2 protein chains.
Amino acid sequence: MGVAERKIREKERKRSTMLDAAESILLEKGLDHLSMEDVAGKAEVSKGSLYQYFQNKNDLVLGICYRATHLLNESFKEVLESNRSGLMLVRELGERYLNYVKDHPQYYSSMKFLDNLHSSGVGGESDYLELCTQNRQEGFRLMVEAIQRGIDDGSIKNDFPAEQLALLFWSTSHGVVTISYMHQNYEHFKLLERIGMQENELFNAYMHILGCGIAANT
Amino acid sequence: MGVAERKIREKERKRSTMLDAAESILLEKGLDHLSMEDVAGKAEVSKGSLYQYFQNKNDLVLGICYRATHLLNESFKEVLESNRSGLMLVRELGERYLNYVKDHPQYYSSMKFLDNLHSSGVGGESDYLELCTQNRQEGFRLMVEAIQRGIDDGSIKNDFPAEQLALLFWSTSHGVVTISYMHQNYEHFKLLERIGMQENELFNAYMHILGCGIAANT
DNA sequence: GTCATTTATTGACTCGCGTTCATTTATAGG
DNA sequence: CCTATAAATGAACGCGAGTCAATAAATGAC
């Protein structure tokens with residue numbers, strides 16, 4: 001009988017509705033002003049119902065983060081389907097990351113939330129935590145793969161193992177993307193304006209410098 | 001009469017005591033578990049008294065952040081007193097930044113707090129906000145100066161204006177430092193271990209790559 | 001269709017914490 | 001001393017996360 005399965009599907013659908021609501025509030029109000037009551041209201045359920053689908057507020061936000069990391073990984077996978085040089089793939093990954101943050105600021109802030117969680121012992125019990133971490137690891141693996149391909153095809157020099165270069169690329173692009181995010185979403189952050197720099201200039205300069213550092217001399 | 005001045009000194013001393021208390025709690029419990037009651041307790045005053053010296057919790061944390069940014073700037077200024085090549089100064093700034101985060105994680109988390117504040121409209125009224133922002137701008141200027149010196153003395157190539165390179169250096173080192181911070185302070189963040197990388201290796205690789213990108217060809 | 005049982009939903013309640021304020025206490029000047 | 005001003009206090013408030021006993025809905029047996 002398909003009753004049990006239908007129930008599971010139904011439950012998943014409701015959970016998804018709640019995540020949609022949470023996402024839209026995250027987008028318009030930001031993490032600080034995301035309240036469970038607002039989410040319940042927007043999802044047209046009671047506050048108590050939320051807690052049937054999510055263990056707590058962290059779990060809810062990590063539910064969004066799960067979507068976020070998954071989407072980013074899908075985008076990265078698309079890049080790796082191309083057969084361009086590894087160096088070009090790396091550049092494309094960076095570009096995707098930047099655009100991703102621009103297009104989905106609510107996803108980016110949920111990922112920041114994940115980063116901050118690892119501190120306070122644990123995230124106060126959330127099943128999504130492990131899933132998010134796995135997704136992040138997969139994202140990292142995709143970066144490693146791009147770089148490894150670059151080393152193999154000779155477009156990236158092999159001064160460092162692929163994993164180390166990937167971590168470096170991860171860290172630095174994280175920093176650049178953060179600045180870019182602040183520029184776009186924080187009213188009072190006008191550093192780029194002050195030095196008369198366009199946003200894509202920042203990215204291009206980053207890629208230029210990085211390129212000088214990792215590209216094989218041809 | 002020196003009564004008025006003594007009162008001002010006295011007030012500043014108390015404020016400082018409260019900040020000390022807040023700092024130590026921030027260090028041992030982290031931002032999430034920093035409560036005004038705890039701070040009041042540790043500073044041996046009532047909760048209400050805190051609000052005579054700080055406008056609200058944000059203001060208190062930004063008070064710490066003011067110390068944090070000031071200390072970092074002092075460290076940077078020390079570097080600039082040397083007359084080594086600009087490129088070496090930049091490297092030294094990066095190293096200082098990294099060690100700073102290692103030695104004063106509570107300061108670093110207060111700076112993260114400042115970064116996150118700029119979102120929610122404003123930081124909910126805090127006189128320290130402006131001061132912190134000014135300090136950050138001064139820190140940036142110090143980076144610009146190091147790079148400009150490098151361009152002038154020929155150790156850094158002049159593909160980009162100093163401000164743009166500084167922003168790039170700022171962003172990327174921010175990213176690297178963040179990873180480093182997570183590695184040290186977050187129990188479950190074991191990315192470095194997983195790929196068998198030492199922390200100083202990450203920094204050295206960063207500087208190597210960056211060096212290739214910005215050093216003048218000699 | 002009816003009923004018993006399991007499952008889902010609800011909103012009033014608790015609780016912690018940031019913030020306020022009327023009251024009390026300390027200090028300064030005359 | 002006495003009055004006026006400033007500082008300190010902790011009870012009280014509001015808001016939002018999380019809980020739970022009561023209620024409603026769905027399911028399966030007959």
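These figures come from a predicted structure and were not determined experimentally. Numbers restart at 1 for each chain; the letters A, B, ... are given by sequence-line order, proteins then strands. Heavy-atom basis, side chains included; hydrogens, waters and symmetry copies ignored.
With hydrogens and angles left out, the side-chain atoms of A:Thr69 and A:Arg136 include no donor and acceptor closer than 3.5 Å. Counted by atom type alone, A:Tyr107 and A:Glu23 present one or more donor-acceptor pairs between their side chains at under 3.5 Å.
For the pair A:Asp32 CG and D:dA17 P, the computed distance is 12 Å after rounding to whole Å. Remark: C1' of D:dA8 and CZ of B:Arg15 are 16 Å apart, rounded to the nearest angstrom. When rounded to the nearest whole Å, the span between CG of A:Asn58 and P of D:dA17 equals 11 Å. The distance from atom CZ of B:Arg13 to atom C1' of D:dA7 is 14 Å, rounded to the nearest whole Å. One interatomic measurement links the two molecules: CE of B:Met36 to P of D:dA8, which rounds to 15 Å at whole-angstrom precision. Rounded to a whole Å, the NZ atom of A:Lys11 is 14 Å from the C1' atom of D:dA26. For the pair B:Leu50 CG and C:dT19 P, the interatomic distance rounds to 11 Å; values are reported in whole Å. Separating the CG atom of A:Asp59 from the P atom of D:dA17 is a distance of 14 Å, rounded to the nearest angstrom.
Residues A:Val101 and A:Ser180 fail the side-chain proximity criterion, which asks for heavy atoms closer than 4.5 Å.
Within 4.0 Å of B:Leu60, counting heavy atoms only, lies no atom of the nucleic acid at all. When heavy atoms are screened at a 4.0 angstrom cut-off, B:Phe54 is found touching no nucleic acid atom at all.
Taking side-chain N and O atoms only, A:Lys57 has a distance below 4.0 Å to OP1 or OP2 of D:dA17. Side-chain N/O atoms of A:Ser35 include none lying less than 4.0 angstrom from OP1 or OP2 on D:dG16. Of the side-chain N and O atoms in B:Tyr51, none sit less than 4.0 angstrom from OP1 or OP2 of D:dT9. Within the structure, a side-chain polar atom (N or O) of B:Lys14 is placed less than 4.0 Å from OP1 or OP2 of D:dA8. For A:Arg6, no side-chain nitrogen or oxygen approaches OP1 or OP2 of D:dA26 to under 4.0 Å. Distances shown here put every side-chain N or O of B:Lys47 at or beyond 4.0 Å from the OP1 or OP2 atom of D:dA8.
Checked for salt-bridge contact, A:Asp20 and A:Arg15 miss the test: no charged N lies under 4.0 Å from a carboxylate O.
Taking every heavy atom of residues 38-46 of chain B and every atom of DNA chain D, pairs under 4.0 Å involve B:Val45, B:Ser46, by number.
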* **Candidate pair B:Leu191 and A:Leu167, rule side chain to side chain contact (heavy atoms under 4.5 Å, CB included), full reasoning** => CA-CA 9 Å; B:Leu191 187 49; A:Leu167 182 54; 3.6 Å; yes
* To do: Please test B:His174 against B:Tyr97 for ring-ring contact (aromatic ring centres under 6.0 Å, His included), starting from the C-alpha separation and ending with a verdict.
  => CA-CA 9 Å; B:His174 175 76; B:Tyr97 189 21; 7.2 Å; no
* To do: I would like to know whether B:Leu192 and B:Glu199 meet side chain to side chain contact (heavy atoms under 4.5 Å, CB included); could you show each step before the answer?
  => CA-CA 7 Å; B:Leu192 284 176; B:Glu199 209 184 303; 4.3 Å; yes
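The B:Gln52 side chain lies nearest to D:dA8 when the options are D:dT27, C:dT9, D:dA8. Between D:dG18, C:dT19, C:dT9, one nucleotide has an atom nearer to the side chain of A:Asn56 than all others, and that is D:dG18.
Heavy-atom neighbours of A:His70 NE2 from other residues, nucleotides or ligands within 6.0 Å: at or below the threshold of 12.
End-to-end axis angle of the helix from C:dG1-D:dC30 to C:dG30-D:dC1, from C1' rotation axes over five pairs per end: 0° (rounded to 10 degrees).
Of all heavy-atom pairs spanning A:Ile179 and B:Ser171, the tightest one is CG1-OG, 3.4 Å.
In this structure, A:Lys14 fails the cation-pi test against A:Tyr53, since its NZ or CZ atom is not both closer than 6.0 Å to the six-membered ring centre and inside 45 degrees of the ring normal.
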